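Predicted model only: the values in this text are computed from it and were never measured.
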Amino acid sequence: MPWEGPSEAVVERMRSGRVYSQVDLPAATGEAPNPTGNLQPLRAMRWRIGRGGGPTARMLLALRRSGEDFRALDGLQLSSLTPYLGVTLGGWRQLAQERARAAIEQGLCGNLGAGWILFATSGRVSAMAEGLAAQLNDLSGIKLCEGGWLALPEPEAQALRQALAALARPGAGPQHLTLSRAPLVQLVLTAEELAGEPALLGRLRHDLSARALPLTRLTAGLGLSRSEARLAACLCDGLSLAAAASELGWTLETGRSCSKQLFARLGVSGQPGVVRRVLASGVWLG
């Protein structure tokens, strides 16, 4: 529902911890004092944490009543919440910060082709990284079905069941699985403890394609021309120079000429050097 309390400009001028009535609310700069008129009776209190030039967060509690006005006891009840507001607001801000950091880390993992999946012993997925289900579906057609099961071809599904069963045995080591070969999607399963609880954790990595990256990211991140960036992407994805020239619609001689410029620009002596430079660069990070 729409906010019907004091405006942002009014809240900014309120003192932290004081209970205001309708007529006590400070007027915003350039505004007339708050009229009582036909407005319903109001009690409001602002609370702020963070001082000394650092980041601040604030909370506003507002009560509006139709009919009779508030009594002194009502204001006392509102002010009695003061000891809890700092804890509540601090916890909310910490949670918001942790969620923001988690979103950053999850975005980096997705850009690098990594993710995680928590499995039940039955093989059902109990949790997975944000956005990973859609990424797997788009990349390799692996779907998360209703009920939490991964839709895998039977050989891969059987290998997953066997790996999960192996982890139930004491002393079992990591289980390495291939969920898809084109494109390559690999999973490492381990039995671990998360927050004191036993868990079957799958760390997943899928193939990356340099040719799927925006061309401007390659040119800016590696200092290449458009032609050099297109060739670098092809070579990084494993194409030979002849295959890259064919894909780009070039003659082999044009490919050789561009490759010499590319090697000189990156300071490498051949295709392996191009692959190392591209894979180790920040172009994958967005």
- Query: Out of curiosity, does L222 fall in the hydrophobic cluster containing L208 (side-chain heavy atoms, cut-off under 4.5 Å, transitive links)?
  - Reply: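 In one cluster with L208: L222, yes.
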- Task: Find out if a path of hydrophobic residues (ILVMFWY) with successive side-chain heavy-atom gaps under 4.5 Å connects L241 to L218.
- Result: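 They do share one cluster, since a chain of ILVMFWY contacts under 4.5 Å joins L241 to L218.
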Output every pair passing salt bridge (charged side-chain N to carboxylate O under 4.0 Å, His left out) with a member in [range], not counting sequence neighbours, ordered by first then second residue.
range: residues 94-117; result: none
range: residues 214-223; result: none
range: residues 124-149; result: none
range: residues 172-197; result: E192-R203

If you look at every heavy atom in [X] and [Y], which pair is closest and at what distance?
X: C236; Y: A210; value: CB-CB, 4.0 Å
X: A242; Y: L252; value: CA-CD1, 3.9 Å
X: A229; Y: L215; value: CB-CD1, 3.7 Å
X: Y20; Y: M14; value: CD1-CE, 3.5 Å
X: Q135; Y: G110; value: NE2-O, 3.3 Å

Just verifying a value: how many Å separate [X] [atom1] and [Y] [atom2], rounded to the nearest 0.5 Å?
X: R256; Y: T251; atom1: CZ; atom2: OG1; answer: 9.5 Å
X: D24; Y: R43; atom1: CG; atom2: CZ; answer: 7.5 Å
X: R46; Y: R18; atom1: CZ; atom2: CZ; answer: 12.5 Å
X: S180; Y: Q186; atom1: OG; atom2: CD; answer: 10.0 Å

- Message: Can you confirm whether L262 sits close enough to L235 that some side-chain heavy atom of one is under 4.5 Å from a side-chain heavy atom of the other?
- Response: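 They are in contact (side-chain heavy atoms under 4.5 Å apart), so the answer is yes.
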- Query: Heavy atoms, side chains only, cut-off 4.5 Å: are W116 and Q106 in contact?
  - Reply: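 Side chain of W116 against side chain of Q106, heavy atoms only: contact under 4.5 Å found.
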- By the rule that ILVMFWY residues connect when side-chain heavy atoms come within less than 4.5 angstrom, directly or transitively, which residues belong alongside L204?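 Members besides L204, by chain and number: I117, F119, V125, M128, L132, L136, L139, I142, L144, L150, L152, L160, L164, L167, L177, L179, V185, L187, L189, L200.
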- Query: Who else is in Y84's hydrophobic cluster (ILVMFWY, side-chain heavy atoms under 4.5 Å, direct or via others)?
  - Reply: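 Via sub-4.5 Å side-chain contacts, Y84 links to none.
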- State which residues pass side chain to side chain donor-acceptor pair (under 3.5 Å) with T178; sequence neighbours excluded, sorted by chain then number.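 With neighbours one apart ignored, the set is empty.
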- Message: Under the rule for side chain to side chain donor-acceptor pair (under 3.5 Å), what residues qualify as partners of E12, not counting sequence neighbours?
- Response: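 Scan of E12 (side chain to side chain donor-acceptor pair (under 3.5 Å), adjacent residues dropped) gives R58.
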- Can you tell me if CH2 on W149 sees more than 12 non-hydrogen neighbours from other groups inside 6.0 Å?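 Yes - once you tally the heavy atoms of other residues, nucleotides and ligands closer than 6.0 Å, there are more than 12.
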- Mind checking what makes side chain to side chain contact (heavy atoms under 4.5 Å, CB included) contact with S126, not counting sequence neighbours?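 Result, side chain to side chain contact (heavy atoms under 4.5 Å, CB included) vs S126: L118.
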- Any side chain to side chain donor-acceptor pair (under 3.5 Å) involving residues 218-243? Give me the pairs, sequence neighbours left out, ordered by first then second residue.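 Listed once each, the pairs are S209-D237, R211-D237, S225-E228, E228-R265.
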- Task: Verify, without hydrogens or angle tests, whether Q271 (side chain) and L239 (backbone) share a donor-acceptor contact under 3.5 angstrom.
- Result: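 Yes, Q271 side chain to L239 backbone: donor-acceptor pair under 3.5 Å.
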Show me the donor-acceptor pairs, under 3.5 Å and distance only, between side chains in residues 274-286 and residues at least two apart or in other chains.
unit_1: R277; atom_1: NH1; unit_2: L266; atom_2: O; d: 2.5
unit_1: S281; atom_1: OG; unit_2: V278; atom_2: O; d: 2.8
unit_1: S281; atom_1: OG; unit_2: V283; atom_2: N; d: 3.4
unit_1: W284; atom_1: NE1; unit_2: V278; atom_2: O; d: 2.9

- E156: salt bridge (Lys or Arg N to Asp or Glu O under 4.0 Å) partners, not counting sequence neighbours: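 Scan of E156 (salt bridge (Lys or Arg N to Asp or Glu O under 4.0 Å), adjacent residues dropped) gives none.
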